[in-house]
Amino acid sequence: MTRSTILLGVNIDHTATLRQARFRDAGRTCGAFVEPDPVLVALLAEQAGADGITVHLREDRRHIQERDVLRLRENIQTRLNLEMACNEAIVDFAIKLRPDCVCLVPENRSEVTTEGGLDLIAGRENVARVVARMNDAGIPASLFIAPDPTQIAVAAELHAPWIELHTGAFANAYYDPALREKELLRLRRAAEQASLLDIAVNAGHGINYTNIREVLTLPHLHELNIGHSILSRAVLYGIGEAVRTMKARIRGE
Ligand code: PXP
């Protein structure tokens, strides 16, 4: 991937966080005064150049609701990436929904590695079952994991077509130059390893308009999934400007 062809997935969960802060008990997810509407935000993000829309249907439904996901599936023109836990009910929902891809993420402590990604060692059996169900359904599954060689080796054994490298430790270390370089090196080695194993590489968590410069030096990146920084900028300048500026950063402008 050359830098200019790296795709931007916009995670719009926090538009639903904002809506739920006021309308959790409204009994509806959109219409009239129930705002903001995540679907409208998604359409505006697409218009501004987003290459895909990501939402996380959490088991506790703290932001995105099932109805949001169904409306997104019907309305967006790019690709729908559904983030989800390895939970039977959500797996059934995803197979019916047929998103363009899913990203398996941890939701409870026992599924999480020290760096916050899926623990493919402790959770191997469960993740393997979900990846196999998704492969059978023709829905590519990505595994959200720390840039850890053991995790990546297991992702290959599970025949995951994609991984999403967790960039949170790098983002947290950003203002400590030595630690930042160390985290960047771990991400670089992880991307190299995954590519050698024929696994496509996405990255996400904590990426913003500043630290993206270093993230873009990583090899083999297919897509970046970015939520919080884009939506924060959107609060001030609108979602269109926020997405266009991030796309320009990806192009190196
Ligand atoms: N990728 C995954 C798998 C995530 O869980 C999240 C956070 O919801 C993101 C990317 C986006 O992270 P951020 O909101 O920090 O950009």
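A quick note: this is a predicted structure, and the numbers were derived from the prediction, not measured. Each residue takes its place number in the sequence, starting with 1. Atoms within a ligand are numbered from 1 in the order they appear, just like the ligands themselves.
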request  = Check ligand 1 against Ile226 and write out every atom of the ligand that is under 4.0 Å from a heavy-atom position of the residue.
outcome  = 16 (O)
key: NZ or CZ of Arg233 within 45° of Tyr209 ring axis and under 6.0 Å   = yes
message = Closer than 4.0 Å to some heavy atom of Val105 - which atoms of ligand 1 meet that?
response = 3 (C)
request  = Please state whether Gly206 comes within less than 4.0 angstrom of ligand 1, counting heavy atoms only.
outcome  = yes
ask   = Which is closest to atom 9 (C) of ligand 1 by heavy-atom distance: His56, His205, His228, His166?
value = His205
Numbered atoms of ligand 1 (with element) below 4.0 Å of Asn225, judged on heavy atoms = 10 (C), 11 (C)
inquiry  = Just by distance, no angles: are the side chains of His205 and Glu164 close enough, under 3.5 Å, to form a donor-acceptor pair?
reply    = no
query = When you check the gap from the basic side-chain N to the acidic O, do Asp51 and Lys247 get nearer than 4.0 Å?
reply = yes
message = Rounded at 0.5 Å granularity, tell me how far CD in Glu181 sits from CZ in Phe170.
response = 8.5 Å
inquiry  = Looking at Gly238, is its backbone amide N or carbonyl O close enough to the side chain of Glu241 to form a donor-acceptor pair, meaning the two atoms are under 3.5 Å apart?
reply    = no
inquiry  = Checking Arg71 against Thr29: is there a side-chain donor and acceptor pair closer than 3.5 Å?
reply    = no
key: For atom 8 (O) of ligand 1, the protein heavy atom that lies nearest, with its residue and separation   = Asn11 ND2, 3.5 Å
ask   = Nearest protein heavy atom to atom 16 (O) of ligand 1, by residue and atom, and its distance?
value = Gly227 N, 2.8 Å
message = My understanding is that we take every heavy atom of each candidate and find the minimum distance to atom 4 (C) of ligand 1. Doing that for His14, Glu164, Glu83, which one comes out nearest?
response = Glu83
